[in-house]
2 protein chains.
Amino acid sequence: MTNDEFTVFLVDDDEGVLKAIGRLLQARGYRIQPFTSPTAFLASHDVSIPGCALLDLSMPDLDGLALQQALSACGSERQVIFLTAKGDIPTSVRAMRAGAIDFLTKPVNDTDLLRAVQEAERKDGEIRSKAASLNSIITKLALLTPREQEVMKHVVAGRLNKQIAGELGTVEKTIKVHRGRVMNKLGVRSVADLVRLAERAGIAGVGS
Amino acid sequence: MTNDEFTVFLVDDDEGVLKAIGRLLQARGYRIQPFTSPTAFLASHDVSIPGCALLDLSMPDLDGLALQQALSACGSERQVIFLTAKGDIPTSVRAMRAGAIDFLTKPVNDTDLLRAVQEAERKDGEIRSKAASLNSIITKLALLTPREQEVMKHVVAGRLNKQIAGELGTVEKTIKVHRGRVMNKLGVRSVADLVRLAERAGIAGVGS
DNA sequence: GGCTCTGTTGGCCCTTGGGCCAACTCGACA
DNA sequence: TGTCGAGTTGGCCCAAGGGCCAACAGAGCC
């Protein structure tokens with residue numbers, strides 16, 4: 001599996017639609033995973049696979065909007081494109097507000113469908129790249145011992161070693177050592193870099 | 001004019017609609033500015049007034065979508081709600097993708113309309129508060145002399161005074177003075193605070 | 001010609017940061 | 001029981017940050 005592969009999860013209870021759309025997308029180099037059942041899709045869903053979901057709106061068991069909600073409820077940021085024969089405006093508005101990439105009507109124009117999938121691919125890539133960068137930071141932060149993390153928060157808050165020592169009930173020298181280790185382990189050479197790293201990781205520092 | 005006033009800019013070529021919706025919103029405490037012409041609205045539009053635009057989709061001269069684009073094109077972040085008698089799904093999707101709060105169909109349900117206006121009010125407040133906080137930072141940054149701003153960028157980038165001096169063709173002592181003045185003028189007491197302030201202002205620091 | 005703002009520099013002195021080496025305690029683990 | 005990681009502390013020394021006072025140059029303004 002190469003990095004630039006992108007899978008479209010096709011969910012539609014009409015097998016004819018699955019085949020037709022599947023062929024179209026495969027011809028353009030996309031991988032396809034077809035599902036006739038929304039629950040089967042949800043059950044086997046792997047968020048780590050780059051891709052998007054192309055959902056029929058009206059399906060047995062779970063309709064498209066509910067499936068979209070179920071996806072985001074389980075922490076997935078899977079991009080969703082809707083495809084429907086009998087949608088209405090309020091439904092399309094709800095779908096778009098819930099973050100759908102597009103809301104297409106059957107019979108669908110190939111151009112529109114491909115544009116939507118391309119947009120989903122772009123957004124998915126963006127999200128994954130942000131997640132990857134955040135993840136590499138979190139990984140490095142996990143290398144710090146609890147005490148080092150504590151010291152780091154104070155440093156990021158702009159405290160002097162002496163102040164940190166007072167608040168943590170120890171002496172300046174100890175803080176210096178922890179501080180040095182934090183800088184080494186995180187691979188930063190200035191407090192400025194440390195602060196930026198902490199900001200990206202969403203670390204608030206220590207209040208007043 | 002108190003701070004908590006919120007104006008709904010009503011744009012519809014049907015005066016009956018303007019009156020009816022105007023009464024409804026005024027009864028809920030909203031200020032109203034009605035326009036029968038989209039171009040008149042655009043021409044007199046004041047982005048500094050907290051509020052949202054409630055636009056008819058099909059109007060002479062300029063239709064709703066074009067008006068929405070014209071607003072964002074002229075740098076306005078005015079929140080837009082659409083109201084239409086003859087919309088379709090593709091149009092609603094375009095409107096929502098362009099950032100509309102809602103896309104309502106006539107005859108409109110009072111509850112839906114009020115909910116959309118409330119959401120617009122929330123979002124407008126959020127945007128204005130962010131803009132205000134950014135603005136106060138920009139104002140403080142404008143107090144710095146050009147040289148001080150230059151030194152600040154290097155400090156934020158994590159450079160040592162000695163390095164900055166080398167790159168700016170001066171001596172360490174001079175940098176110390178500028179640096180001290182930067183900290184004073186911006187009212188921060190640590191490099192960490194300075195870096196956070198710069199990040200919020202979108203200042204990148206100085207490349208390698 | 002004075003005056004102010006900006007940018008510059010020097011000296012002096014103290015605080016803070018931080019590297020290197022060494023040492024100790026304590027709990028976990030084999 | 002010996003070892004290891006984590007946390008701690010000390011001494012020594014040097015580099016870097018930064019406040020205070022003083023001074024000077026050039027541009028722009030009244």
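The structure presented is a predicted model; accordingly, all values stated were derived computationally and were not measured. Quick note on labels: first sequence line is chain A, next is B, and so on, each numbered from 1.
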When the nearest nucleotide of DNA chain C is assigned to B:L168 and to B:K176 on a heavy-atom basis, which residue is associated with the more 5' position?
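Result: B:L168.
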Separation of [X] atom [atom1] from [N] atom [atom2], in whole Å?
X      : N      : atom1 : atom2 : value
A:I175 : C:dG17 : CD1   : C1'   : 13 Å
A:N161 : D:dA16 : CG    : C1'   : 13 Å
B:R179 : C:dG7  : CZ    : C1'   : 18 Å
A:Q163 : C:dT15 : CD    : P     : 15 Å
B:E148 : C:dG7  : CD    : C1'   : 9 Å
A:K162 : C:dG17 : NZ    : C1'   : 12 Å
A:L160 : C:dC14 : CG    : C1'   : 14 Å
A:R147 : C:dT25 : CZ    : P     : 19 Å

Just compare C:dG7, C:dG17, D:dT8 and give me whichever is closest to any side-chain atom of A:E172.
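Nearest nucleotide to the side chain: C:dG17.
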Quick one: which of C:dG7, C:dG10, D:dT8 gets closest to the side chain of B:T145?
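Closest nucleotide among those given: C:dG7.
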Could you check whether A:R181 gets within reach of a base, just the sugar-phosphate, or nothing at all, counting any heavy atom under 4.0 Å?
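Base contact.
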It should be established whether B:H178 places a side-chain nitrogen or oxygen under 4.0 Å from OP1 or OP2 of nucleotide C:dT8.
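For B:H178, the contact criterion (side-chain N or O under 4.0 Å from OP1 or OP2 of C:dT8) is met.
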Parallel, tilted or perpendicular: which one describes the rings of A:F103 and A:F82, with boundaries at 30° and 60°?
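Correct class here is tilted.
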Can you classify the ring geometry of B:Y30 versus B:F6 as parallel (below 30°), tilted (30 to 60°) or perpendicular (above 60°)?
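It falls in the perpendicular class, over 60°.
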Would you confirm whether B:D12, through its side chain, and B:D14, through its main-chain N or O, come within 3.5 Å as a donor-acceptor pair?
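Side chain of B:D12 to backbone of B:D14, a donor-acceptor pair under 3.5 Å: yes, one is there.
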Restricting to pairs with a member in residues 186-197 of chain B, which pass side-chain hydrogen bond (donor to acceptor under 3.5 Å, both in side chains), not counting sequence neighbours?
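Matches after skipping sequence neighbours: B:S190-B:D193, B:D193-B:R196.
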What I want to check is whether an N or O donor and acceptor connect the side chain of B:K173 with the base of D:dG19 at under 3.5 Å.
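Such a pair is found, so the answer is yes.
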Go through the steps to decide whether B:R31 and B:E5 satisfy the test salt bridge (charged side-chain N to carboxylate O under 4.0 Å, His left out), and finish with yes or no.
CA-CA 7 Å; B:R31 288 172 75 96; B:E5 277 188 349; 2.9 Å; yes
